[in-house]
Amino acid sequence: MARATQNFSPLWTLTTLLCLSGRSVAEDATSDPSKVSTPFTDGATGIKMERFFGERTTFGFGVALPSVPNNSFIGQLSFPLVNGQGWGALGLTGDMENNFFLATWPDGNGGVMASFRQGTNEDDPPEVKGNFAVRTISDGTSVNSSFLTHTFLCEGCLEAALGLGAEATSANAIMGWALSAKAVGNPESAGGRLGFHEQGFGPFTMRLGQAKFAEFETWAALANSSIPGSARAVQVSLNVATNGGDGDDSGDENDGDDDDGDESDDDD
């Protein structure tokens, strides 16, 4: 019996390889703990922070703490949008699995929405509720079709059972980030569907000991009322986050220069 043969299209083969390659990139971390925060001052508010910045993605997260540690911090998430769509997030630990994190995105009405999530489902991390709240600082918040910046007060967010406690803020901490260019489902709701972080994610080192400022209370007083959660929110699971990020999946966000400690770290 004659042996059947199968013809392969070079174009089909190339397309398949590219698709598989893209999937691999999306699923591998694009930073590691060797990426360390640097000093940064927000031009709109004058708030001083320590900030992680990814040169490839232009994703940034800055944090300011009070001189005497408590369970709150001021944060700033900044990242690019595609045609006004996308979301970004900051996690208290370096491993996205079970991580407690804050996500933010355009609300579709010219403003910003945010909610707390937990990384128990990477394709749609559930909204969670507990003894924490996020309050926007309007002077440091802006959104347009290509970029979003959200400055906020995170109250009750530093808790060891969530992954990072106030008692750990005198030293460096491994934290995490995630970024997507996909539209958020039902963006006007705090329970909007996020989807997968296909633009990048991974751990980094935040120098919390250098993020303490005497002006913290003055800056915190700029915050608005808290953003209410949605009916979808479930009770947060405590003591489930792990601080992964051992650097085995290092990637593109480590190509930048970490020496300089001023606003020039945003140097694309």
Side-chain angles (χ1 to χ4, degrees), residues 22-23 25-27 29-31 52 54 56-62 75-93 96-130 132-138 140-154 157 162 175-202 223-237 241 253:
R23 180 176 176 82
V25 169
E27 292 180 349
T30 47
S31 69
F52 158 77
R56 180 182 66 83
T57 59
T58 67
F59 175 98
F61 171 70
Q76 183 183 79
L77 283 161
S78 58
F79 51 89
L81 302 173
V82 176
N83 297 321
Q85 307 288 352
W87 61 270
L90 174 280
L92 292 188
T93 65
M96 292 307 293
E97 184 175 0
N98 294 327
N99 201 349
F100 173 77
F101 63 92
L102 179 72
T104 189
W105 60 89
D107 66 3
N109 298 307
V112 168
M113 179 53 68
S115 67
F116 296 98
R117 303 291 175 121
Q118 199 154 30
T120 54
N121 178 0
E122 66 179 13
D123 292 320
D124 186 17
E127 181 189 3
V128 293
K129 59 186 178 181
F132 38 77
V134 57
R135 298 169 56 193
T136 296
I137 296 176
S138 296
T141 299
S142 61
V143 61
N144 56 38
S145 63
S146 61
F147 209 81
L148 180 151
T149 300
H150 185 202
T151 307
F152 55 89
L153 175 65
C154 204
C157 299
L162 296 173
M175 304 179 80
W177 66 282
L179 177 65
S180 173
K182 303 296 184 182
V184 173
N186 195 22
E188 68 278 6
S189 169
R193 189 183 189 283
L194 298 186
F196 186 68
H197 41 68
E198 85 293 339
Q199 292 298 302
F201 71 100
N224 302 333
S225 58
S226 61
I227 298 175
S230 78
R232 289 188 64 192
V234 298
Q235 193 65 33
V236 67
S237 296
E253 297 298 22

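Please read all numbers here as calculations on a predicted model, not as lab measurements. The first residue in the sequence is number 1, and the count goes up from there.
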Ignoring hydrogens and geometry, is there a side-chain-to-backbone donor-acceptor pair from [X] to [Y] under 3.5 Å?
X	Y	result
Arg117	Pro125	yes
Ser115	Glu127	no
Thr151	Gly140	yes
Asp107	Pro187	no

Exercise. List the steps and the verdict of side chain to side chain contact (heavy atoms under 4.5 Å, CB included) for Val112 and Phe152.
Key: CA-CA 11 Å; Val112 168; Phe152 55 89; over 6 Å; no
Hey, does [Y] have a side-chain heavy atom less than 4.5 Å from the side chain of [X]?
X	Y	answer
Val236	Phe132	yes
Pro106	Leu148	yes
Val143	Leu81	yes
Phe147	Thr58	yes
Trp105	Leu194	yes
Gln118	Ser237	yes

Quiz prompt | is_close_aromatic(Phe116, Phe100), centroid dist under 6.0 Å | solution = yes
Self-check item: Centroid-centroid distance, Phe59 to Trp177, less than 6.0 Å
Solution: yes
Closest non-hydrogen atom pair, [X] against [Y]:
X	Y	result
Val184	Gly86	CG2-O, 4.1 Å
Ala190	Ser230	CB-N, 4.0 Å
Asp123	Arg193	O-NH2, 3.4 Å
Leu153	Ala223	CB-CB, 3.9 Å
Cys157	Leu92	O-CD1, 3.3 Å
Trp87	Lys182	CD1-O, 4.1 Å

Quiz item: Excluding sequence neighbours, so at least two apart, what forms side chain to side chain donor-acceptor pair (under 3.5 Å) with Ser138?
Solution: Asn224
Practice problem: Would you please name every residue forming a side chain to side chain donor-acceptor pair (under 3.5 Å) with Asn144, sequence neighbours left out? | Solution: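 Per chain and number, Asn144 pairs via side chain to side chain donor-acceptor pair (under 3.5 Å) with Ser146.
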Quiz item: How about Gln76 and Thr149: does a side-chain donor come under 3.5 Å of a side-chain acceptor?
Solution: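 Short answer, no.
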Exercise. Verify side chain to side chain contact (heavy atoms under 4.5 Å, CB included) between Val234 and Lys129, making sure each step is shown before the conclusion.
Key: CA-CA 6 Å; Val234 298; Lys129 59 186 178 181; 5.9 Å; no
Atom pair [atom1]/[atom2] of [X] and [Y] - distance to nearest 0.5 Å:
X	Y	atom1	atom2	result
His150	Thr141	NE2	OG1	4.5 Å
Thr57	Leu179	OG1	CG	6.0 Å
Leu102	Ile227	CG	CD1	8.0 Å

Quiz prompt | More than 12 heavy atoms of other groups within 6.0 Å of Asn121 CG | solution = yes
Quiz item: Below 4.0 angstrom, N of the basic side chain to O of the carboxylate: do Asp124 and Arg232 qualify?
Solution: yes
Practice problem: Show your working on side chain to side chain donor-acceptor pair (under 3.5 Å) between Gln199 and Ser180 and close with a plain yes or no. | Solution: CA-CA 5 Å; Gln199 292 298 302; Ser180 173; over 6 Å; no
